[in-house]
Structure formats: C-alpha cells, structure tokens
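What follows is a short report on a single structure.
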Amino acid sequence: MRDSFEILLLPGDGIGPEVVGAAREVVDVAVDHFGIEVRYEERRIGGTAIREEGEPVSDETLHAASSSDSVLLGAVGHPDFDDAPVRPEAGLLKLRKHLGAFANLRPVAAIPALLGSSPLKREVVDGVDVLIVRELTGGAYFGEKEEGEERASDLSVYTREEIVRVARVAFEAAKRRKRRVTSVDKANVMATSRLWRKVVSEVAKEYPQVGLDHVLVDAAAMYLIQSPKRFDVMLTENLFGDILSDEAAMLPGSMGMLPSASLGEPGSSGIFEPVHGSAPDIAGEGKANPYATILSAAMMFRHSLGRPDVAEAIEQGVSVALEAHFLTPDLGGKKTTEEVTKAVSRWVAAGEGVA
Ligand code: NAD
Ligand code: IPM
Ligand code: MN
C-alpha cells in the first residue's frame, strides 16, 4: 500500500474554505494515525480565482490537478458573478473536463443518528442506500451554446462511448452492492435519452448477474421521495443527476451530508467534493456542515489513493460524532463547523472503531 500522497486543495468560494479546512484537519489526524505522509498544494478556483487571477481556473491549476494524486475541492459560486460574462462555475466544469472525470459517484444513505433530521417519515428513510452515478462531462452542460437577448440554446449531445463508459461504472458498482441498476432518462421525449436507454441495455448484457430497469426522470423524482428503498444504483445523465442528487439530500436530511467522487480513466486524478454549493447565505458564520467534505476526503482514500483503511477510520469518526449529536444548524443542532471538526478529529485520532 502506498503511504505518500500529493493532494491539491481547491477550497473555492463561500463556505468552501471552511469545509475544506475542516476536511484537511481530519485528514491530517487520520494520516498521522496510519503513518502516512501527505503533501498539500493549495490553489484558487471559482470566484476567488476570477478576482485574483482573472479567470475561474488557470492553466497552472489544471496542470497541478493532473499532476497531483487527487483533488479535494470545496465549492464554487457567488452571487457577485450572477451577471458576469465569466462565471465561477465555469472553472469547475473546465476542471472536470480537463481531468476526464466522467463518472460522478454520489452515495446517499440514511444515517441512523439523523433519522429525525429528514423532512421525510422515518419509515420511508430508514434503510435507504442509493448510489447515484451521474455522467459528468457530457450532455447539455458541455454542448454548443448560444446566448442572446432574444434566443438562447444549450445543445445536449451524448455519444455511444460516453454512455458505455459511465454505464460500466454503474454496473461494476452494482456488482458489489445489491446488484440492481435503475437507469433514469426521458426517453419518451429526448433523442439523447433513447440512445442512452438502448446503450445501457446493451451494456447490461455484459453483467448478467445485475438487474436493470429504466425509469423516466419525472417518475424517478417522485419515487425518490415516495419509496427510495427501491433504488440500489441509479445511473443517469449529467443534468438529471445534478437535480436528483440535491433532491436525494433530503433522505439523510441535509445538503451538508452528501459527499462525491468524480472519476475518470484509471490513473487520472479524481476530484472529491461535497454535492452542495458555496452556500453564500451562511458563509463565514461557522454554521457550515463539514461532514460532506470530510466524507468526500474518505472517498478519496477509498477510490483514488487505495487506502480503504483510512477511509473507514474517517467514516467511523463521522459516525461516532453524529451519534454523539455533533450537529450543525442544518441538521437541527447548535454545533459550529469547528466543534464538529474537532469532535470527528478526536475520534479518528483515538482510532475509535478502527481495527
Ligand atoms: P447551495 O448548495 O450552496 O445551498 C443551498 C442551501 O443549502 C442553502 O440554504 C445553504 O445554506 C444550504 N447548504 C448547502 N451546503 C451546506 C452545508 N455544508 N452546511 C449547511 N448548509 C448548507 O446551493 P445554491 O444556494 O443554489 O448555490 C449557491 C452557489 O453555489 C451557486 O453559485 C451555485 O452555482 C454554487 N454551487 C456550487 C457547487 C459546487 O461547487 N460543486 C454545487 C452546487 C452549487
Ligand atoms: C454540482 C454543482 C455543479 C453542477 C455546478 C456548480 C456547475 O451544482 O456539482 O452539483 O451543476 O454540476
Ligand atoms: Mn448540483
């Protein structure tokens, strides 16, 4: 097992620096516990990069990302740029494309200590365990754009190859889970979705041990709230995955709980970032929930750095802190970002639950 890593930190905007700072503190404690060496480089992305460097992500930062082992990112976006010609979000999209990070894994599980934090009924949420696999470098996000005062368009394109590779990620994941893939599309209206459905069905033949069903995205949005336990792996395109994952955040109860991993071909750097945004409404107030970013760091150790032992130690620290009611306001608690971070760090350092 490797024991030395280079991590690029991209805190970004709003609460980004607060939650990345928290995750770094927990990672430091975890690597200390395991005798691992981590070297960090920190750079700008998003609104802060536009202000200081004139663009939302520089070529140097893109280069630093591809030459690091992994990227740990906070969030980008700020209302100051709502009418600007170049937006902070463009930096994140460019980074994803640059690293070829086409598969975005967004695990959504009910957390026993948080069953009371979800706006949904306990019996609906208890036992939920869904993995959203969102295609991340295609579709309307990256198609040709036209933007005028009278007319605007976002072209959505998917190629067979783009669908095949992300579908394989979903089926491989399902093999290690409950062996069920639900592909979500809008094949009753969209041409891209009809190709999507056809290609996913073809890929499914490579995985006879995994079941496949297709659900239209509007119905999937309803099932996610009505009966989320019907889902194991949910495979979908870029735009639908973006929307469905924010909806799914209400299963554990807050945007502040969902981590993610954005992965490309083996050997390329992955991006690990919370699903939530820069939350400008609470930035700088010590209210940001750091669990999503801490759990994203755990995903980094599992999916990119080949150290599932470190991932488990961090996840265990999070579970114990949640059980001990270290909850930020979004979860109905009164703890600060710092209090939560210190609690998780303490339990990780103590090796609580670590074999
Ligand atoms: P958001 O996710 O930033 O916030 C939505 C709501 O959830 C807000 O009320 C916010 O306070 C709350 N929230 C989010 N994360 C939280 C956390 N960790 N702890 C406590 N509460 C949290 O979404 P938005 O307000 O629609 O977008 C704000 C900006 O963030 C926009 O510029 C958007 O483009 C950007 N954004 C960035 C990313 C990213 O960088 N990956 C993701 C989503 C949105
Ligand atoms: C996310 C975000 C991004 C997306 C934005 C900030 C570009 O909402 O990671 O979910 O839409 O992919
Ligand atoms: Mn989103």
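Just so you know, ligand 1 is whichever comes first in the structure, and atom 1 is the first atom listed for that ligand. All values below come from the heavy atoms of this structure, side chains included, with hydrogens, waters and symmetry mates left out. Because the structure is a prediction, the values reported are computed rather than measured.
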Subject >> salt bridge (Lys or Arg N to Asp or Glu O under 4.0 Å) partner of Arg96, the single match among Glu89, Glu135, Glu273 >> reply: Glu273
Original post:
Can a salt bridge be assigned to the pair Glu37 and Arg39 using a cut-off of 4.0 Å between side-chain N and carboxylate O?
Top reply: yes
**OP:** Please determine, by modelled atom types, if Tyr40 and Asp28 share a side-chain donor-acceptor pair under 3.5 angstrom.
**Re:** yes
Original post:
How far is atom 2 (C) of ligand 2 from its nearest protein heavy atom, and which residue and atom is that?
Top reply: Asp242 OD1, 4.0 Å
Original post:
Any Lys/Arg nitrogen of Asp3 or Arg307 sitting under 4.0 Å from an Asp/Glu carboxylate oxygen of the other?
Top reply: no
Original post:
Which heavy atom of the protein is the closest neighbour of atom 8 (C) of ligand 1, given with residue, atom name and distance?
Top reply: Asp281 OD2, 3.4 Å
Original post:
Under 4.0 angstrom from ligand 2, any heavy atom of Arg134?
Top reply: yes
**OP:** Please identify which atoms of ligand 1 are closer than 4.0 Å to at least one heavy atom of Ala75.
**Re:** 40 (O)
**OP:** Indicate whether atom 36 (N) of ligand 1 is within a distance of less than 4.0 angstrom of some protein heavy atom.
**Re:** yes
**OP:** Measure from atom 5 (C) of ligand 1 to the protein's non-hydrogen atoms and state whether any distance is below 4.0 Å.
**Re:** no
Subject >> Atom indices of ligand 2 within 4.0 angstrom of Arg106 heavy atoms, with elements >> reply: 1 (C), 9 (O), 10 (O)
**OP:** Decide, yes or no, whether a salt bridge links Glu339 with Lys342 under the criterion of side-chain N to carboxylate O below 4.0 Å.
**Re:** no
**OP:** Pull out every atom of ligand 1 sitting under 4.0 Å from any heavy atom of Gly256, numbered as shown with elements.
**Re:** 17 (C), 18 (N)
**OP:** Would you mind running through ligand 1 and noting each atom that sits below 4.0 Å from a heavy atom of Ala288?
**Re:** 19 (N)
Original post:
Can you tell me if Asn104 and Ser262 form a side-chain donor-acceptor pair at under 3.5 Å?
Top reply: yes
**OP:** On the 0 to 90° scale, with breaks at 30° and 60°, tag the Trp196-Tyr158 ring pair as parallel, tilted or perpendicular.
**Re:** perpendicular
Original post:
Taking atom 32 (O) of ligand 1 as the point of reference, which of Glu18, His276, Glu273, Glu89 owns the nearest heavy atom?
Top reply: Glu89
Original post:
Is there side-chain contact between Arg230 and Tyr223, with at least one heavy-atom pair below 4.5 Å?
Top reply: yes
**OP:** Around atom 7 (O) of ligand 1, find the nearest protein heavy atom and jot down its residue, atom name and distance.
**Re:** Met255 CG, 4.1 Å
Original post:
Are Arg87 and ligand 1 in contact, using a heavy-atom cut-off of under 4.0 Å?
Top reply: no
**OP:** Could you tell me whether a side-chain N or O of Thr341 sits under 3.5 Å from a main-chain N or O of Ala22, the two making a donor and an acceptor?
**Re:** no
**OP:** Considering just N/O/S atoms, say which atom of Asp242 is closest to the Mn ion (ligand 3).
**Re:** OD1
Original post:
If you measure from each heavy atom of Ile282 to ligand 1, is any distance below 4.0 Å?
Top reply: yes
Subject >> NZ/NE/NH1/NH2 to OD/OE distance under 4.0 Å, Arg43 and Glu53 >> reply: no
**OP:** Identify the heavy atoms of Asn289 and Ser254 that sit nearest to each other, and give their distance.
**Re:** ND2-OG, 4.3 Å
Subject >> Nitrogen or oxygen of Glu89 less than 3.5 angstrom from that of ligand 2 >> reply: no
Original post:
Among side-chain atoms of His303 and Ser70, is any donor-acceptor pair under 3.5 angstrom?
Top reply: no
**OP:** List every atom of ligand 1 that sits less than 4.0 Å from any heavy atom of Pro280, numbering the atoms from 1 in the order shown and giving each element.
**Re:** 28 (C)
Original post:
So is Asp13 close enough to ligand 1, meaning a heavy atom under 4.0 angstrom away?
Top reply: no
Subject >> His276, portion touching ligand 2 at heavy-atom distance under 4.0 Å >> reply: neither
Original post:
Any N/O of Asn238 closer than 3.5 Å to an N/O of ligand 2?
Top reply: no
**OP:** Measure from the side-chain N and O atoms of Ser278 to the backbone N and O of Gly77, and report whether any donor-acceptor pair falls under 3.5 Å.
**Re:** yes
**OP:** Please work out which of Leu331, Val76, Leu93 has its closest non-hydrogen atom nearest to atom 40 (O) of ligand 1.
**Re:** Val76
Subject >> Proximal candidate to atom 30 (O) of ligand 1 [heavy atom criterion; set Gly77, Ala292, Ser278, Ala279] >> reply: Ser278
**OP:** Step through the shown structure and confirm whether more than 12 heavy atoms of other residues, nucleotides or ligands are within 6.0 Å of NZ on Lys198.
**Re:** no
Original post:
Does Lys287 NZ have over 12 foreign heavy atoms under 6.0 Å away?
Top reply: no
Subject >> Closest approach of any protein heavy atom to atom 19 (N) of ligand 1, naming residue and atom >> reply: Asn289 N, 2.8 Å
Original post:
Near His78, which atoms of ligand 1 are under 4.0 Å from a heavy atom of that residue?
Top reply: 32 (O)
Original post:
For Arg96 and ligand 2, does the shortest N/O to N/O distance drop below 3.5 Å?
Top reply: yes
Original post:
Any idea which atoms of ligand 1 are less than 4.0 Å away from a heavy-atom of Gly277?
Top reply: 1 (P), 2 (O), 3 (O), 30 (O), 36 (N), 37 (C), 38 (C), 42 (C), 43 (C), 44 (C)
Original post:
Minimum heavy-atom separation for Ile294 to Val318, with atom names?
Top reply: CG2-CG2, 3.8 Å
Subject >> atom 26 (O) of ligand 1 protein-contacted, heavy-atom criterion under 4.0 angstrom >> reply: no
**OP:** Using a strict cut-off of 4.0 Å, indicate which atoms of ligand 1 neighbour a heavy atom of Leu92.
**Re:** 39 (C), 40 (O), 41 (N)
**OP:** Starting from atom 11 (O) of ligand 2, find the nearest protein heavy-atom neighbour and note its residue, name and distance.
**Re:** Tyr141 OH, 2.6 Å
